[in-house]
Amino acid sequence: MRLSTFFLPTLKETPTEAQIVSHRLMLRAGMIRQTSAGIYAWLPLGHRVLKKIEQIVREEQDAAGAQELLMPTIQSAELWKESGRYDDYGKEMLRITDRHDREMLFGPTNEEMITDIFRAFVKSYRQLPLNLYHIQWKFRDEIRPRFGVMRGREFLMKDAYSFDIDAASARRSYQKMFLAYLRTFARMGLKAIPMRADTGPIGGDLSHEFIILAETGESGVFCHKDWLTLDVLQNAPGFDEDLQPFFDTYTSIYAATDEKHEPGNCPVPEADLVSARGIEVGHIFNFGTKYSKPMNAVVAGPGGEPVPVEMGSYGIGVSRLMGAIIEASHDDNGIIWPDAVAPFNVGLVNLKVGDAETDRVCQELYYKLRANGLEVLYDDRDERPGVKFADMDLIGLPWQLVVGPRGLKNGVVELKRRATGEKQELSVESALEKLSA
RNA sequence: CGGGGCGUAGCGCAGUCUGGUCAGCGCGCCAGUUUUGGGUACUGGAGGCCCCCGGUUCGAAUCCGGGCGCCCCGACCA
């Protein structure tokens with residue numbers, strides 16, 4: 001993509017409404033545009049990152065054996081009356097009526113709908129276990145949306161739902177998602193700590209929140225200091241192996257949100273306890289038959305008897321993750337994208353547009369890098385070098401490849417790693433080689 | 001939902017108390033000159049229902065009434 005034609009409205013100054021760093025940087029980097037409280041349009045740069053995050057989530061869900069489908073955002077109130085949540089959900093649920101005065105709602109989550117789909121088609125324990133997920137926009141009419149996309153009213157969420165014949169099988173489904181979540185966040189360069197959490201209005205008895213430690217987080221959290229240095233995937237098993245030992249290991253190291261933490265009754269000595277703030281990027285629940293019973297999601301068991309299925313639900317805040325990643329990875333100059341979610345791999349900077357040799361080398365690099373499978377943002381604008389460097393740092397692409405007449409005179413271009421600031425001068429060939437490795 | 005703040009050009013703001021001389025500044029944008037390896041300098045230019053509605057007044061961005069929107073703190077919440 002050529003920056004001269006790419007829609008990238010970067011800002012020098014920060015809009016006043018943005019208080020936390022991820023929100024400020026997303027606005028300044030031209031990634032989002034607020035349209036009303038807690039509702040955002042995703043501009044091309046932000047959209048690219050959103051798609052990257054979504055794709056990683058999808059790949060790990062698929063790897064764990066979940067199957068993707070897509071449910072509608074507008075739901076009928078009837079299913080919610082059946083489960084009893086139509087009244088429970090309160091004002092956070094956006095309710096609407098259609099032209100025939102039918103009660104509808106913009107879905108805040110999909111337990112009811114997936115249960116309805118399940119019960120329509122699944123009749124035997126032999127069709128279990130089953131895990132279905134989708135990645136879809138949700139709406140929750142938050143009392144107070146804030147922090148940009150971190151607590152939006154409309155947000156993109158991956159929600160998966162598992163169905164099992166009994167509690168033991170449900171536990172295994174839960175453990176698969178537990179592992180998938182650790183893998184997902186690790187791929188994005190994040191350390192997400194699974195913490196015992198309240199199940200909240202959704203109900204159930206087994207629940208973990210996946211928390212990124214960050215000062216701007218909304219939740220107070222407590223964990224053993226070992227978490228700070230732990231590599232969660234060090235001894236990770238495959239999805240088909242016995243997950244119990246792995247699960248036991250990582251749930252035995254203390255970590256809890258403040259709702260679950262009891263200061264007087266904490267197994268961790270005070271010296272080893274870290275008190276921090278965190279951003280919840282995922283939440284997994286096992287809630288047994290909370291929905292299957294009232295909604296009559298029943299299958300035939302091995303003896304032919306009707307068995308209400310054991311269910312779990314598993315959420316990842318896809319749009320929130322973007323904010324969380326920026327909170328975890330930025331500096332004074334801007335965003336530092338982890339490679340896996342960067343909107344482009346390389347920013348190619350032409351320091352002197354119009355200089356024949358510089359243009360030629362840039363052109364060559366632009367084509368060859370892309371031919372090698374890299375996504376390249378080529379800054380071919382007629383701007384001063386300072387502007388280009390500042391914008392490049394702001395949008396945070398992992399690599400900057402800087403080409404100018406001064407270097408070319410000595411046969412070199414400059415390759416800069418955004419994360420470390422480390423720069424090296426290389427020949428065009430070795431720069432290509434290094435980036436394509 | 002309690003408390004606080006804000007709404008003037010794309011962004012950041014001044015002006016409001018004390019009504020007229022008030023449509024302003026910086027950045028950005030357009031044209032030109034200049035400069036050329038970390039947001040260059042200069043000249044010229046475009047761009048505004050001063051959030052909306054009503055009132056007071058000879059006269060309202062400014063005063064009064066009523067709305068709407070946005071942000072922050074708290075409580076609440078995946």
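Letters A, B, ... mirror the listed sequences (proteins, then strands); counts begin at 1. These numbers come from the heavy atoms of this one structure, side chains and all, not from hydrogens, waters or symmetry mates.
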Peer 1: Contact class for Gly407(A) vs. all strands (heavy atom < 4.0 Å): base, sugar-phosphate, or nothing?
Peer 2: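 Counting heavy atoms under 4.0 Å across all strands, the contact made by Gly407(A) includes a base.
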Peer 1: When you measure from the side chain of Phe147(A), which nucleotide among G39(B), C73(B), C77(B) comes out closest?
Peer 2: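 Looking only at heavy atoms from C-beta outward on Phe147(A), the closest nucleotide is C73(B).
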Peer 1: Write down the distance between NZ (Lys352(A)) and P (G38(B)), rounded to a whole number of angstrom.
Peer 2: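 Checked: the NZ to P distance equals 13 Å.
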Peer 1: Provide the Watson-Crick or G-U wobble partner of G59(B), both distances under 3.5 Å; none if there is no partner.
Peer 2: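 The base-pairing partner of G59(B), which may sit in any strand shown, does not exist here.
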Peer 1: Could you state the atom-to-atom distance from CZ of Arg151(A) to C1' of A78(B) in whole Å?
Peer 2: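 Result: 7 Å.
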Peer 1: Step through the shown structure and confirm whether more than 12 heavy atoms of other residues, nucleotides or ligands are within 6.0 Å of NZ on Lys368(A).
Peer 2: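 Open: at most 12 neighbouring heavy atoms sit under 6.0 Å from NZ of Lys368(A).
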Peer 1: May I have the distance from Lys416(A) (atom NZ) to G37(B) (atom P), rounded to whole angstrom?
Peer 2: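 After rounding, the gap between these two atoms is 16 Å.
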Peer 1: Just call it for Gly404(A): base, sugar-phosphate, or nothing, with non-hydrogen atoms closer than 4.0 Å on any strand.
Peer 2: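 The answer is base, as Gly404(A) lies within the cut-off (heavy atoms under 4.0 Å) of a base atom.
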Peer 1: What's the gap between G45(B) and C64(B) when it is taken at their C1' atoms, as a whole Å value?
Peer 2: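 Pairwise C1' distance, G45(B) against C64(B), rounds to 40 Å.
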Peer 1: Answer yes or no for Arg370(A) and Tyr366(A): cation-pi contact, defined as NZ/CZ to six-membered ring centre under 6.0 Å and angle to ring axis within 45°.
Peer 2: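 Yes, Arg370(A) sits over the ring of Tyr366(A).
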Peer 1: Kindly say whether, by distance alone, the side chain of Arg140(A) makes a donor-acceptor pair under 3.5 Å with the base of C77(B)?
Peer 2: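 Per atom types, no contact qualifies.
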Peer 1: Using whole Å, report how far NZ of Lys138(A) lies from C1' of C77(B).
Peer 2: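 Spelled out: NZ on Lys138(A) to C1' on C77(B) is 17 Å.
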Peer 1: Rounded to the nearest 0.5 Å, how far does CG of Asp258(A) lie from NZ of Lys260(A)?
Peer 2: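 It is 12.5 Å, given to the nearest 0.5 Å.
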Peer 1: Classify Arg153(A) by what it touches in the nucleic acid, base, sugar-phosphate, or nothing, heavy-atom distance under 4.0 Å.
Peer 2: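 If one applies the 4.0 Å heavy-atom cut-off, Arg153(A) turns out to touch nothing in the nucleic acid.
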Peer 1: Should the pair Arg58(A)-Glu68(A) be classified as a salt bridge under the 4.0 Å nitrogen-to-oxygen rule?
Peer 2: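 The answer is yes: the pair qualifies as a salt bridge.
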Peer 1: Does C25(B) have a Watson-Crick or wobble mate here (both distances under 3.5 Å), and if so which one?
Peer 2: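 Because both required distances fall under 3.5 Å, C25(B) counts as paired with G12(B).
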Peer 1: Under 4.0 Å, counting only non-hydrogen atoms across every strand here, what does Glu92(A) touch: a base, just sugar-phosphate, or nothing?
Peer 2: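 Sugar-phosphate: the residue Glu92(A), judged by heavy atoms under 4.0 Å, touches backbone atoms but no base.
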Peer 1: Of all the nucleotides listed (A75(B), G12(B), G28(B)), which has the minimum atom distance to the side chain of Pro15(A)?
Peer 2: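 The nucleotide sitting nearest to the side chain is G12(B).
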Peer 1: For the C1' atoms, the ones on G20(B) and on G10(B), what distance do you get once it is rounded to whole angstrom?
Peer 2: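 Here G20(B) and G10(B) have their C1' atoms 31 Å from each other.
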Peer 1: Using Watson-Crick or G-U wobble geometry with both distances below 3.5 Å, tell me the partner of C70(B), or none.
Peer 2: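 WC or wobble partner is G5(B).
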Peer 1: Report the residue from Glu78(A), Lys81(A), Glu103(A) that forms a side-chain hydrogen bond (donor to acceptor under 3.5 Å, both in side chains) with Tyr86(A).
Peer 2: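 When side-chain hydrogen bond (donor to acceptor under 3.5 Å, both in side chains) is applied between Tyr86(A) and each of Glu78(A), Lys81(A), Glu103(A), only Glu103(A) qualifies.
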Peer 1: Just N and O in the side chain of Arg144(A): are any of them under 4.0 Å from OP1 or OP2 of C73(B)?
Peer 2: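 Answer yes for this pair, as a side-chain N or O of Arg144(A) is under 4.0 Å from OP1 or OP2.
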Peer 1: Atom CD of Gln400(A) to atom P of G37(B): distance rounded to whole Å?
Peer 2: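 Going from Gln400(A) (CD) to G37(B) (P), I get 17 Å.
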Peer 1: Cation-pi check for Phe344(A) against Arg48(A): NZ or CZ below 6.0 Å from the six-membered ring centre and within 45 degrees of the axis, yes or no?
Peer 2: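 Yes, a cation-pi geometry.
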Peer 1: Going by heavy atoms closer than 4.0 Å, what residues in residues 33-71 of chain A are next to RNA chain B?
Peer 2: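 Contacts with RNA chain B under 4.0 Å: Gln34(A), Ser36(A), Ala37(A).
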Peer 1: Relative to the ring of Phe285(A), is the ring of His283(A) parallel (under 30°), tilted (30 to 60°) or perpendicular (over 60°)?
Peer 2: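 Parallel: the ring planes of His283(A) and Phe285(A) meet at under 30°.
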Peer 1: What interatomic distance, in whole Å, is found between P of U16(B) and the corresponding atom of C51(B)?
Peer 2: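 Result for the P pair: 15 Å, nearest Å.
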Peer 1: Nearest to the side chain of Arg146(A), which nucleotide is it out of C72(B), A78(B), C1(B)?
Peer 2: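 Comparing C72(B), A78(B), C1(B) against the side chain of Arg146(A), the answer is C72(B).
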Peer 1: C1' atom, U18(B) versus C63(B): distance in rounded Å?
Peer 2: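 Those two atoms are separated by 11 Å.
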Peer 1: Could you give the distance separating G59(B) and G69(B) at their C1' atoms, to the nearest angstrom?
Peer 2: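 Straight-line distance between the two C1' atoms is 29 Å.
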Peer 1: With distance as the sole criterion, do the side chain of Glu383(A) and the base of G39(B) form a donor-acceptor contact below 3.5 Å?
Peer 2: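 Answer is no: no donor-acceptor pair is held.
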Peer 1: Do NZ/NE/NH1/NH2 and the carboxylate oxygens of Arg417(A) and Asp339(A) come within less than 4.0 Å?
Peer 2: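 Result for this pair is yes, salt bridge flagged.
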Peer 1: Output the single nucleotide from A78(B), G12(B), G39(B) whose closest atom is nearest the side chain of His283(A).
Peer 2: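 Among the listed nucleotides, the one closest to the side chain of His283(A) is A78(B).
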Peer 1: Looking at every strand, decide which applies to Lys158(A) at a 4.0 Å heavy-atom threshold: base, sugar-phosphate, or nothing.
Peer 2: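 Counting heavy atoms under 4.0 Å across all strands, no contact is made by Lys158(A).
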Peer 1: Rounded to whole Å, please give me the gap between CG in Asp382(A) and P in G39(B).
Peer 2: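 Answer to the nearest Å: 17 Å.
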Peer 1: Which donor-acceptor pairs under 3.5 Å do the side chains of residues 396-410 of chain A make with protein atoms, sequence neighbours left out?
Peer 2:
residue   : atom : partner   : partner atom : Å
Gln400(A) : NE2  : Asp393(A) : OD1          : 2.7

Peer 1: What integer number of Å spans the P atoms of A14(B) and G5(B)?
Peer 2: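 A14(B) and G5(B) have their P atoms separated by 15 Å.
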Peer 1: Taking atom P of C77(B) as reference, at what distance in whole Å does atom CZ of Arg85(A) sit?
Peer 2: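 Distance, rounded to whole Å: 15 Å.
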Peer 1: Heavy atoms under 4.0 Å, any strand shown: does Asp159(A) hit a base, just sugar-phosphate, or nothing?
Peer 2: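 Touches nothing.
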Peer 1: From the options C77(B), U36(B), A75(B), select the nucleotide whose nearest atom is closest to the side chain of Glu142(A).
Peer 2: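 So the nucleotide nearest the side chain must be C77(B).
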Peer 1: How many Å lie between CZ on Phe139(A) and C1' on C77(B), as a whole number?
Peer 2: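 After rounding, the reported distance stands at 14 Å.
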Peer 1: Go nucleotide by nucleotide along RNA chain B from the 5' end; which of His23(A) and Met157(A) gets its closest nucleotide reached first?
Peer 2: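 So the residue in question is His23(A).
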Peer 1: Expressed in whole Å, how much space separates the C1' atoms belonging to A23(B) and A46(B)?
Peer 2: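 Their C1' atoms lie roughly 16 Å apart.
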Peer 1: Heavy atoms from C-beta onward define the side chain here; which of G39(B), C76(B), C27(B) lies closest to that of Ile143(A)?
Peer 2: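 Nearest listed nucleotide: C76(B).
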Peer 1: Please give the distance between the P atoms of G65(B) and A75(B) as a whole number of Å.
Peer 2: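 Here G65(B) and A75(B) have their P atoms 33 Å from each other.
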Peer 1: Is the phosphate of G28(B) approached by Lys12(A) (side-chain N or O, under 4.0 Å from OP1 or OP2)?
Peer 2: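 So the side-chain polar atoms of Lys12(A) do come within 4.0 Å of the phosphate oxygens OP1 or OP2 of G28(B), strictly under.
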Peer 1: Both distances below 3.5 Å, Watson-Crick or wobble geometry, any strand: find the nucleotide opposite G54(B).
Peer 2: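 Check on G54(B): paired to C64(B), both distances under 3.5 Å.
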Peer 1: In a table with atom names and distances, give each donor-acceptor pair under 3.5 Å that connects a side chain of residues 176-188 of chain A to protein atoms at least two apart or in another chain.
Peer 2:
residue   : atom : partner   : partner atom : Å
Tyr181(A) : OH   : Lys158(A) : NZ           : 2.7
Tyr181(A) : OH   : Tyr314(A) : O            : 3.1
Tyr181(A) : OH   : Gly315(A) : N            : 3.0
Tyr181(A) : OH   : Gly315(A) : O            : 3.2
Arg183(A) : NE   : Glu60(A)  : OE1          : 2.6
Arg183(A) : NH2  : Glu60(A)  : OE1          : 3.2
Thr184(A) : OG1  : Ala180(A) : O            : 2.6
Arg187(A) : NH1  : Glu59(A)  : OE1          : 3.0
Arg187(A) : NH1  : Glu60(A)  : OE2          : 3.0
Arg187(A) : NH2  : Glu59(A)  : OE1          : 2.7

Peer 1: Taking Lys416(A) first and then Glu422(A), would you say they form a salt bridge - that is, a charged N and a carboxylate O separated by under 4.0 Å?
Peer 2: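 The answer is no: the pair does not qualify as a salt bridge.
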Peer 1: What is the pairing partner of U36(B), taking Watson-Crick or G-U wobble pairs with both distances under 3.5 Å in any strand?
Peer 2: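 Paired with U36(B), as far as the under-3.5 Å criterion goes, is no nucleotide at all.
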